[in-house]
Structures are given as structure tokens and as C-alpha cells.
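Read the numbers this way: they start at 1 and go in the same order the structure lists the ligands and their atoms. Position 1 is the first residue of the sequence, and the numbers go up from there. Keep in mind it's a predicted model, so treat the numbers as computed, not measured. Hydrogens, waters and symmetry mates play no part in the numbers below; they use all other heavy atoms, side chains included.
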Amino acid sequence: MQQVFSPSNLPFVKMHGLGNDFVIFDSRGIDARVTPKLAKAIGDRNRGVGFDQLAEIKDGEGTDISLDFWNSDGSRAGACGNATRCVAWLMMQESGNNSVTIRTERGVLHAVRAGDEVSVNMGHPQRDWHEVPLSHAVNTNHLPLAGDPVAVGMGNPHVVFFVDDIVGVDVAAQGVAVEHDPLFPQRTNVEFAQVRGHDEIRMRVWERGAGITLACGSGACATAVAAAERGLTGRTVRMEVDGGWMTLDWRDDGVWMTGPVQFVFRGEFDASFLEQI
Ligand SMILES: N[C@@H](CCC[C@H](N)C(=O)O)C(=O)O
């Protein structure tokens with residue numbers, strides 16, 4: 001019988017990476033598990049705590065830990081780069097080590113300290129249509145959509161539009177329309193990118209299941225891959241998102257993403273809140 005969360009076993013941590021904010025649970029050693037209903041209630045910015053994503057730490061499987069991710073609409077996500085960096089920081093603070101291995105839906109990720117920032121190898125990009133995934137076979141470098149975007153899977157689906165004037169993009173209106181386009185059977189994250197030079201990109205994002213966020217780590221990785229594939233940049237870029245700056249480095253062993261993390265507070269839920277869910 002699965003244990004139901006109760007205030008005594010539901011402490012949480014609030015963190016953000018470049019303003020992409022997270023509630024982090026540590027479910028290691030207990031049977032209780034997050035549910036879509038619980039995630040959606042906690043993610044409500046008026047009635048709950050509010051987050052872009054919830055990260056649930058579970059026992060490792062040949063790794064230090066495992067991680068599951070939930071969006072604020074209660075949907076699951078196969079990857080969450082900024083939350084991975086935040087949790088990696090927590091684990092490194094706990095262990096005193098400078099690296100951590102993390103099992104996620106997309107496989108084993110490695111994170112390391114990078115000065116006062118955290119780097120994570122988000123793995124290799126998925127470029128075949130069925131890996132992204134898309135609903136049918138198309139050229140993922142030139143999707144049959146207005147704006148000629150690129151599709152890249154990073155454990156979750158992304159579609160990247162290159163634009164000349166990123167300030168003028170209506171991210172919400174265009175983002176929600178593309179998120180729900182039938183070409184994406186699992187919906188998609190939507191990035192808009194303006195290339196500033198061979199090693200610099202400005203990116204804004206509409207996230208599947210969360211809407212506009214100040215940063216998206218897997219989206220930044222997808223954008224860096226798309227730009228390099230199109231020959232618009234090299235494989236190492238500095239990227240400015242609404243929440244600040246990060247570095248992307250597409251190496252032979254995967255796409256490394258580096259940026260800051262910020263601990264905000266530790267909290268615990270009141271029983272009256274949990275009882276209403
Ligand atoms: N902000 C995350 C991406 C979170 C998941 C995304 N909304 C999805 O549903 O795939 C990141 O930093 O990667």
C-alpha cells in the first residue's frame with residue numbers, strides 16, 4: 001500500500017536556476033510518491049507554493065540518486081536541466097563531493113561543481129523524428145511549420161525557432177499554439193532564439209506544461225544544438241535567457257550546460273493543505 005504523504009514526511013526545498021524555479025522533495029527511503037494531483041496542487045502559485053517544475057529525489061540505481069520531474073500542470077517531464085543542476089548542488093553540499101551521478105528517464109547524468117556554478121552533461125541530442133518525438137517522419141532540421149524551426153529531443157521534446165527580433169516575439173501566443181500542434185504527440189517545449197554571433201545566443205522559452213519560464217536548461221541545450229546544426233554558431237555558446245546567462249558546450253560525450261543555482265528556503269506543508277488535495 002503506497003504511503004500517503006503527510007506533513008511529517010513532506011519537507012521540501014525551494015531553489016531556482018536562473019529564475020527557473022523548483023520545489024524539491026526527497027523521497028529517498030520512503031514509499032510515498034508524488035502524484036499528478038499533488039504536483040498540480042503544490043505548483044499552484046496562488047493556493048500552493050508554486051513552481052515551474054517539481055523534482056522528486058529517489059534512491060539511486062547504480063547512481064548516487066534518481067530524479068523524477070513534474071511540470072506545474074501535473075504532467076511528467078523526462079528531463080529538467082536546471083532542476084538537475086539544483087539537486088546536484090544539494091547532493092554535493094550533503095556529501096562534500098564535487099560530482100554526482102543521477103539516474104533520470106533519459107539515462108545517467110553526471111553533474112560537477114564549476115566554481116560557484118554547476119555543470120551537468122545532459123547527454124546526446126535526439127535528432128530522429130521518432131526520438132523527439134514527432135507524429136510522423138519529417139526532416140527535423142526543417143519542420144513543416146511556419147518559421148522553419150528545428151526539432152531536438154533532450155529527453156523531452158523541443159522545437160527551436162530562429163528569429164531576427166526576439167523582443168518582438170509573442171512568446172505566449174506562439175508558444176501555446178506550437179506546444180499543442182498535432183506534429184508533437186507529447187506536446188513540446190518551444191524556444192525562440194536570436195543569434196548574436198558565432199558564440200552567443202539570446203533565447204526565450206515557452207515550456208510544455210509550465211508556460212513562459214525565465215530559463216529552460218534542456219531548452220538551452222536544444223537551442224545550442226539547433227544553432228550548431230544550422231551552422232549559425234560553433235558548438236560552445238554563451239546563452240542569455242530572461243533569467244540570466246548560461247554556457248552550453250556540445251562535446252563528444254554530450255551537451256554540457258553550466259550556470260548558477262540559488263537555494264531559496266526549506267519548508268513543510270501544513271496538514272490542512274495536504275488534506276484538501
Ligand atoms: N525547465 C526544464 C524543462 C522542464 C520540462 C519541460 N517543461 C518539459 O515538459 O519537457 C529544464 O530546465 O530543462
Against ligand 1, does Asn20 come closer than 4.0 Å with any heavy atom? yes

Between Arg238 and Asp249, is the closest basic N to carboxylate O distance under 4.0 Å? no

Is any side-chain heavy atom of Ile42 less than 4.5 Å from a side-chain heavy atom of Phe12? no

Taking only Lys NZ, Arg NE, NH1 and NH2, and the carboxylate oxygens of Asp or Glu, determine whether Arg208 and Glu179 approach each other closer than 4.0 Å. no

Quick one: does ligand 1 sit under 4.0 Å from the side chain of Thr213, the backbone, both or neither, non-hydrogen atoms only? neither

Polar-atom distance check: Cys216 versus ligand 1, any N or O pair below 3.5 Å? no

Residue-level breakdown please: for Gln53 versus ligand 1, do any non-hydrogen atoms fall below 4.0 Å on the side chain, on the backbone, on both, or on neither? side chain

Non-hydrogen atoms of Ala210 versus ligand 1: any pair closer than 4.0 Å? no

With only distance considered, is Glu207 within less than 3.5 Å of ligand 1 through an N or O on each side? yes

Can you tell me which portion of Asp52 lies within the under-4.0 Å heavy-atom range of ligand 1? Options are side chain, backbone, both, or neither. neither

Test salt bridge (Lys or Arg N to Asp or Glu O under 4.0 Å) applied to Arg45 and Asp52, step by step: CA-CA 10 Å; Arg45 292 194 186 277; Asp52 290 333; 3.1 Å; yes

Pairing of Arg28 and Asp26 as salt bridge, 4.0 angstrom limit: yes

Return the residue, atom name and 0.1 Å-rounded distance of the protein heavy atom closest to atom 2 (C) of ligand 1. Cys80 SG, 3.3 Å

Check whether the ring centres of Phe161 and Phe192 lie less than 6.0 Å apart, and answer yes or no. yes

Evaluate Gly217 for polar contact with ligand 1, using N/O atom pairs at a separation under 3.5 Å. yes

